[in-house]
Number of protein chains: 2
Amino acid sequence: MTEPLHPETEDMALAQVLAALGDETRLAIVGMLARGAGEPMTCSRFLHLGSKTGLSYHLAKLREAGLVRVRPEGTKRLISLRKADLDERFPGLLDSLMTADGSEQQA
Amino acid sequence: MTEPLHPETEDMALAQVLAALGDETRLAIVGMLARGAGEPMTCSRFLHLGSKTGLSYHLAKLREAGLVRVRPEGTKRLISLRKADLDERFPGLLDSLMTADGSEQQA
DNA sequence: TCAATTGTTCAACAAATTTTGAACAAAGGT
DNA sequence: ACCTTTGTTCAAAATTTGTTGAACAATTGA
């Protein structure tokens, strides 16, 4: 099992980030992480959103786009939102997304 | 030829908007419109981005997501960014996207 | 009326994405 | 050593997305 690869902050591509977010499952994952006050979550926290295999796939998409960081910790993987990096690369984007996402939850 | 359909502002779905933007061609179209100071553009203005048919497809995606308004004018179609509607529905999103897109152009 | 301009629609195709299940890998606990 | 937990990898199948070219529709101008 090889170390998970993450793009450098400056290598994040806008279209790739938006494509990664343009999926209900992945948007829900990011929403949970954003509401989680920066605390990393294990993959199993997202199991209600899909199958084990499906989540592995979606989390890889998010990681490759630069949205999340994955840190192996024993047999688990700790997933965290790359908030500081995203704010640096795309100022204001994450905040506006979370505001928008929050207003959708109500409806 | 039936009138183009547009979602109401409150019916715009975040994931659909992001999916529409998660494509280089469509992101380029929106970028041009955003830099165009609100002036509507005809489809032919985007011809350097792809074929006539392809643009028709991509513009429909943008229209269905709520990003652009399409107004038939004679034999042409005037395309405009729904900036006010987007700012109302997703405050700050468009601005952060255009800032980010601008900073990508340089690289 | 005829031709040119502007853009859409359709069907076929190609390509990328997503889902599924089985098998595997690494670490921890007993 | 064995079993459990946690998550990945692989290949196949299903689905969605994007592209192409031919035909069409509406408007404009000569």
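To find a chain, count down the sequence lines: A is the first, B the second, and so on, and within it residues start at 1. Computation of the quantities below employed the complete heavy-atom set of this structure, encompassing side-chain atoms and omitting hydrogens, waters and symmetry-equivalent molecules.
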* Ion pair R82(B)/D87(B), N-O distance below 4.0 Å -> no
* Worked check of side chain to side chain contact (heavy atoms under 4.5 Å, CB included) between F46(B) and L33(B) -> CA-CA 10 Å; F46(B) 307 109; L33(B) 290 169; 3.9 Å; yes
* **N/O (side chain, S44(B)) to phosphate O (OP1/OP2, dG7(C)) under 4.0 Å** => yes
* **Between dT9(C) (C1') and Y57(B) (OH): distance, integer Å** => 14 Å
* Structure fact -> Comparing G22(A) with K52(A), nearest DNA chain C nucleotide closer to 5' gives the residue G22(A)
* Asked: Within the structure shown, what part of the strands sits under 4.0 Å from R45(A) by heavy-atom distance: base, sugar-phosphate, or nothing?
  -> nothing
* **Separation of dT6(C) P from E73(B) CD (nearest whole Å)** => 14 Å
* To do: Report the distance from atom CD1 of I79(B) to atom C1' of dG7(C), rounded to the nearest whole Å.
  => 10 Å
* Between dT17(D) and H58(B), is there an OP1 or OP2 to side-chain N/O distance shorter than 4.0 Å? -> no
* Expressed in angstrom and rounded to an integer, what is the separation of L78(B) atom CG from dA26(D) atom P? -> 19 Å
* **Distance-only side-chain donor-acceptor flag, T42(A) / S44(A), under 3.5 Å** => yes
* **Most 5' of S56(B) and G74(A) on DNA chain C, judged by nearest nucleotide** => S56(B)
* Between C1' of dT9(C) and CD of E64(B), the distance in whole Å -> 13 Å
* **Heavy-atom donor-acceptor pair, T75(B) side-chain to dT27(D) base, under 3.5 Å** => no
* Say whether, by atom type as modelled, one donor and one acceptor occur between the side chain of R63(A) and the main chain of H6(A) under 3.5 angstrom. => no
* Asked: With distance as the sole test, does R26(B) use its side chain to make a donor-acceptor pair with the main-chain N or O of K61(B) at under 3.5 Å?
  -> no
* Asked: Over how many whole Å does the gap from L55(B) atom CG to dT19(D) atom P extend?
  -> 10 Å
* Check the distance between dT6(C)'s P and M41(B)'s CE and give it to me in whole angstrom. => 16 Å
* So what does T25(A) hit on the nucleic acid, given a heavy-atom distance under 4.0 Å: a base, only sugar-phosphate, or nothing? -> nothing
* Asked: So what does K76(B) hit on the nucleic acid, given a heavy-atom distance under 4.0 Å: a base, only sugar-phosphate, or nothing?
  -> sugar-phosphate
* To do: Would you kindly give the CZ-to-P distance between R71(A) and dA27(C), to the nearest whole Å?
  => 15 Å
* Asked: According to a strict under-4.0 Å criterion, is R77(A) in side-chain N/O contact with OP1 or OP2 of dA26(C)?
  -> no
